[in-house]
Amino acid sequence: MGKGSCVTLLLFIGLVSSVYSYDLYKDPSQDVEARVQDLLSRMTLAEKVGQMTQIERGVSNNSVVKDLFIGSVLSGGGSVPDAGNTAEAWQDLVDRLQNDALSTRLGIPMIYGIDAVHGHNNVFGATIFPHNVGLGCTRDPDLVKRIGVATALEVRATGIPYVFAPCIATCRDPRWGRCYESYSESTEVVTSLTDIILGLQGEPANKTAGFPFVADSSKVAACAKHFVGDGGTTNGINENNTVIDYKGLVDIHMAPYFDSIAKGVSTVMISYTSWNGMKMHANKFLVTQVLKYNLKFKGFVISDWEGIDRITSPAGANYTFSIESSINAGLDMIMVPNNYPQFINGLTDLVKGGYINMHRIDDAVTRILRVKFAMGLFEKPLADRSYSKHLGSEEHRSLAREAVRKSLVLLKNGKEAGKPLLPLSKTAAKIIVAGSHANDLGRQCGGWTITWQGGNGTTTKGTTILDAIKGAVSPTTQIVYEPYPQPGFAQSQGADFAIVVVGEPPYAETFGDNLNLTIPEAGIPTIQNVCGEVRCLVILVSGRPLVVEPYLPVMDAFVAAWLPGSEGAGVSDVIFGDYDFVGTLARTWFKSVDQLPMNVGDEKYDPLFPFGYGLKMGTPNSSGGSINFMRRWRLLDISCWAVPLIIHMLKL
Ligand SMILES: *[C@@H]1O[C@H](CO)[C@@H](O)[C@H](O)[C@H]1NC(C)=O
Ligand SMILES: *[C@@H]1O[C@H](CO)[C@@H](O)[C@H](O)[C@H]1NC(C)=O
Ligand SMILES: *[C@@H]1O[C@H](CO)[C@@H](O)[C@H](O)[C@H]1NC(C)=O
Ligand SMILES: *[C@@H]1O[C@H](CO)[C@@H](O)[C@H](O)[C@H]1NC(C)=O
Ligand SMILES: *[C@@H]1O[C@H](CO)[C@@H](O)[C@H](O)[C@H]1NC(C)=O
Ligand SMILES: *[C@@H]1O[C@H](CO)[C@@H](O)[C@H](O)[C@H]1NC(C)=O
Ligand SMILES: *[C@@H]1O[C@H](CO)[C@@H](O)[C@H](O)[C@H]1NC(C)=O
């Protein structure tokens, strides 16, 4: 036989065998469920356990993903490619890991996940949107949905198909360090803003309850978190205990999950917290019975970072117990994230020993594969580099600027009725801009920006509030900037007015827990020094309401800007009157911390500014005038409102 005929024969054998080894799961024309079942039936225990394992980028070198069939890799806050924090380096990283996953026997793609909680916040140059606490004040589901669309494009620009967002916590206590990740203390507001899922994933054409849906590769899989009761802990202590009866848990904290699931959310992340003393990561009733059976959620359930470790105290004290109780509770994918040998060996042994049955493993893997098939990951596993242009695009920055404008809440305008300070004059001769947060991009972005805790200064690209003010005023207006003005400074300047920007430093999670909620750093002396000497607007940059009652009398005007993100021009757009204020409080503004927790609808409700409060400019009585104020109440539920409203009116 000559060489030529040998090649022909081999080709023929190859053709025949490829026809006979038709892999149904690889056929995109097949139904998702059929593909899942076909693939599942081919998998070994090691391959299944691998799918259930999510590891950190930092430990995800080549051989690991390939040898252990790893199903998912993540970047924790601030975990960026070794080659640099650029779109290209991210694409290279994700593709390299993906090619490792694809080179395994069955070629199951891994899914790369990241916390994109206010835009693609780990990535240098990405658009940083306001944190959720600000978005809640917009009451604008369409805006939030458009932010979802933009965020999905920016995340895809780095080759990533999965985000750990949105946080749909109902934060009931601003002392909680994650309160800014929550849209509101009101379940209804949180629920209405789950429309961000429709932006991130696309609109499900078929609203089959619970079925994961990701429209195409311009969209990303989303994650509703943290199931459930994360925002209801005692004294707002992060990861602590939420003490509430089942009806309260459902009505206040679980309701937004109904909508998220109906909107096709692909994944749900479990909360570090406990419910009435029992760790959520080990709560079979809530995860399996309620979430999977009652709510018919068909996507996968993921743990939080080392969430199963914390089932025991101290964390990791009995990791075998952590694995057994979490997997048996119904968790499908574990964000290990570093000690994967211990997890993989532990889970394998528990299955072999009969402590976790194969049904449970198959349920987990079915759900993970279902998401991967439903989102088209098998067909398009690699980065589409044509998306790079979306990262930090002008269009997205303009959307973020709109979001900033709409999230601002005007709480005071003028010391006397009929004498408002706002809108400010763009043609003033001289303006003082003062305070630690006036010219600090990192501080206006807050935590979860470039790094987990966020940072001060020019950590990424954007416009500070000072730069925005400079850009808004007339060329002849002189601006004097002083971050830490001493007594006498403001008076000595002979300025028309001052803009004071103070607030909280960046923080995330437990680092943000705070029992006193006072304006930190030099915020208070800055307000006192400047506002005592010249007419002033105070802009508070913070992740939550802070104690302001004692300083309110000295302020001429007061605006809550929350954590606006990279587009400071949204602030100047409004304070100089190009747009009016539309934001209204999505959180109760307390007078003193000993009132906490205090939420709208509470029997004892005596706020400084009630939930729903927010002024407009220029109306004669906007400086606290009751007529304007009453018109702006959002009457969500008259029974909640009648009592506090009457109390408030009697006081005016
Ligand atoms: C990958 O990481 C593992 C454990 O961290 C290590 O044992 C292995 O040598 C690494 N492989 C490569 C190719 O770097
Ligand atoms: C929606 O999808 C489900 C499950 O695939 C199917 O049974 C149902 O017929 C679909 N409904 C419509 C309106 O297409
Ligand atoms: C809640 O916090 C307290 C005080 O730090 C701590 O002793 C307790 O163990 C925590 N409870 C839970 C369930 O985390
Ligand atoms: C750890 O947990 C496992 C599994 O639940 C249990 O069998 C074992 O006794 C525990 N070990 C200790 C030291 O408590
Ligand atoms: C930011 O500035 C504050 C006050 O100056 C300081 O306490 C804090 O450590 C700084 N944070 C970083 C990350 O530099
Ligand atoms: C308020 O609490 C924070 C966080 O615990 C702490 O860092 C700060 O020093 C406290 N401030 C005051 C004025 O007590
Ligand atoms: C504004 O308030 C004054 C007195 O407080 C009242 O007489 C006047 O009618 C109010 N004007 C409007 C437009 O509400």
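Counting starts at 1 for both ligands and their atoms, following the listed order.
Residues of the protein with a heavy atom under 4.0 Å from ligand 6 are Asp513, Asn514, Asn516, Thr518, listed by chain and number.
Between Asp332 and Arg360 a salt bridge is recorded (basic side-chain N to carboxylate O distance below 4.0 Å). Asp245 has no carboxylate O lying under 4.0 Å from a charged side-chain N of Lys247, or vice versa, which leaves the two without a salt bridge. Here Arg310 does not pair with Asp304 in a salt bridge; the nearest charged N to carboxylate O distance is not below 4.0 Å.
Every residue two or more places apart in sequence or in another chain that forms a ring-ring contact (aromatic ring centres under 6.0 Å, His included) with His118 is listed here: His131.
Atom OH of Tyr613 is separated from atom CG of Leu411 by 7.0 Å, given to the nearest 0.5 angstrom.
When only interatomic distances are considered, the shortest N/O to N/O separation between Glu324 and ligand 4 falls below 3.5 Å. Backbone and side-chain nitrogen or oxygen atoms of Ser274 are examined, and none is located within less than 3.5 angstrom of a nitrogen or oxygen of ligand 3.
Counting the atoms of ligand 3 from 1 in the order shown, those under 4.0 Å from a heavy atom of Glu239 are 14 (O).
Taking 4.5 Å as the limit, every side-chain heavy atom of Thr348 sits out of range of all side-chain heavy atoms of Val351.
Side-chain rings of Phe285 and Tyr246 approach one another, their centers coming within less than 6.0 Å.
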